[in-house]
Amino acid sequence: MACLLTHGREEVCKEFVGGIKSIYFINYGTMGAITYNATVDLEDEIDSIAGVTTLFKYDLKGANSFEQTITSSRENGTTFVEQTLTFTIKGLDATTTKQMKLLAWGRPHVVIKTNANNFFIAGLTNGMDVTTGLVSNGTAMGDLNGYTMTLVGQEAIPANHLSVTAPYTDALLVSSCFTGATVDPN
């Protein structure tokens with residue numbers, strides 16, 4: 001039966017950190033064939049994704065989050081995962097305002113690079129939708145002048161890990177998983 005556990009897990013060391021280092025948007029519908037890592041159970045890790053020509057990178061600092069909520073119903077026999085990405089970009093300008101507008105109109109796939117150097121792809125099948133966006137000038141001198149965006153996606157499984165190893169650079173992400181793609185900005 002496919003839903004039987006296959007592994008246990010011991011308590012891990014206290015060596016991990018939270019937070020997001022950067023996000024990469026991929027326009028919906030531009031991904032081709034996906035190659036999964038054959039040694040990882042249930043196609044949870046992706047080795048490569050064909051067809052992607054550009055990943056649009058946004059560096060992040062501060063309070064940004066990516067969370068996944070698993071909802072399972074015994075009555076309905078269903079399970080799905082709600083993926084929620086919230087990020088803040090500092091500084092208002094016309095170019096970024098246009099990009100946030102286009103982000104709200106689309107439903108991109110999103111690669112998340114964590115501070116622990118893990119790479120995930122959210123919205124793999126269905127993309128992610130902007131549910132709220134705030135363009136803020138602030139009130140006081142120390143208030144945010146920038147954008148706070150929340151994207152939500154619903155998928156059948158948690159976000160897939162991407163097969164990227166040290167040194168965890170943009171070049172390695174592209175050569176490992178998105179051969180031939182470029183990162184804007186580098």
Side-chain angles (χ1 to χ4, degrees), residues 17-35 45-68 83-138 142-153 155 159-186:
V17 295
I20 300 173
K21 192 175 287 185
S22 54
I23 52 178
Y24 306 77
F25 294 106
I26 301 169
N27 285 321
Y28 185 82
T30 61
M31 295 191 322
I34 298 171
T35 303
E45 185 172 82
I46 294 174
D47 282 338
S48 66
I49 300 174
V52 176
T53 58
T54 306
L55 292 94
F56 299 96
K57 180 182 180 185
Y58 289 77
D59 288 323
L60 302 176
K61 271 214 177 284
N64 303 286
S65 66
F66 175 61
E67 297 184 342
Q68 301 183 81
Q83 303 169 340
T84 304
L85 171 66
T86 301
F87 65 93
T88 299
I89 299 173
K90 293 125 188 124
L92 296 175
D93 61 71
T95 300
T96 307
T97 297
K98 179 177 182 177
Q99 295 309 304
M100 294 303 105
K101 174 184 72 176
L102 294 172
L103 183 65
W105 289 353
R107 59 177 169 137
H109 312 282
V110 185
V111 174
I112 296 113
K113 179 181 182 182
T114 70
N115 286 329
N117 289 315
N118 289 309
F119 288 83
F120 299 96
I121 185 161
L124 179 66
T125 302
N126 301 316
M128 296 188 77
D129 292 298
V130 171
T131 57
T132 60
L134 175 65
V135 181
S136 178
N137 289 301
D143 290 349
L144 172 67
N145 176 281
Y147 312 84
T148 301
M149 307 295 285
T150 300
L151 285 80
V152 175
E155 298 288 331
N160 297 80
H161 291 257
L162 295 177
S163 297
V164 181
T165 56
Y168 311 109
T169 62
D170 291 346
L172 190 57
L173 170 66
V174 168
S175 67
S176 296
C177 299
F178 301 99
T179 304
T182 60
V183 176
D184 176 3
N186 287 335

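Because the structure is a prediction, the values reported are computed rather than measured. Quick note: residue numbers are just sequence positions, from 1.
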Can you give me the closest heavy-atom contact between T54 and A181, atom names plus distance?
N-CB, 4.4 Å
Taking N145 for its side chain and G138 for its backbone only, find out whether a donor-acceptor pair lies under 3.5 Å.
no
Those residues at least two apart in sequence (or on a different chain) that pass side chain to side chain donor-acceptor pair (under 3.5 Å) with T88 are T148
Trace of the ring pair (Phe, Tyr, Trp, His ring centres under 6.0 Å) decision for F119 with H161
CA-CA 6 Å; F119 288 83; H161 291 257; over 10 Å; no
K61/D59 ion pair, N-O < 4.0 Å
no
Between V174 and G180 the two heavy atoms that sit nearest each other are CG1-N, 4.4 Å
Classify the angle between the aromatic ring planes of F87 and F25 as parallel (below 30°), tilted (30 to 60°) or perpendicular (above 60°).
tilted
S163 and E45: side chain donor to acceptor below 3.5 Å:
yes
Give me the atom names and distance for the closest heavy-atom approach of H109 to N27.
CD2-O, 3.8 Å
Which side-chain N or O atoms in residues 121-131 pair as donor and acceptor under 3.5 Å with protein atoms at least two apart or in another chain?
| residue | atom | partner | partner atom | Å |
| --- | --- | --- | --- | --- |
| T125 | OG1 | E155 | OE1 | 3.3 |
| N126 | ND2 | Q154 | O | 2.7 |
| T131 | OG1 | T150 | O | 3.4 |

Work out which heavy atom in C177 is nearest to a heavy atom in I46; give both atom names and the distance.
SG-O, 4.3 Å
Of all heavy-atom pairs linking T95 and D93, the shortest is N-OD1, 3.1 Å
Locate the shortest heavy-atom distance separating S176 from S48; write the atom from each residue and the value.
O-CB, 4.1 Å
Find the distance between CD (Q68) and CZ (F120) and round it off to the nearest 0.5 Å.
7.0 Å
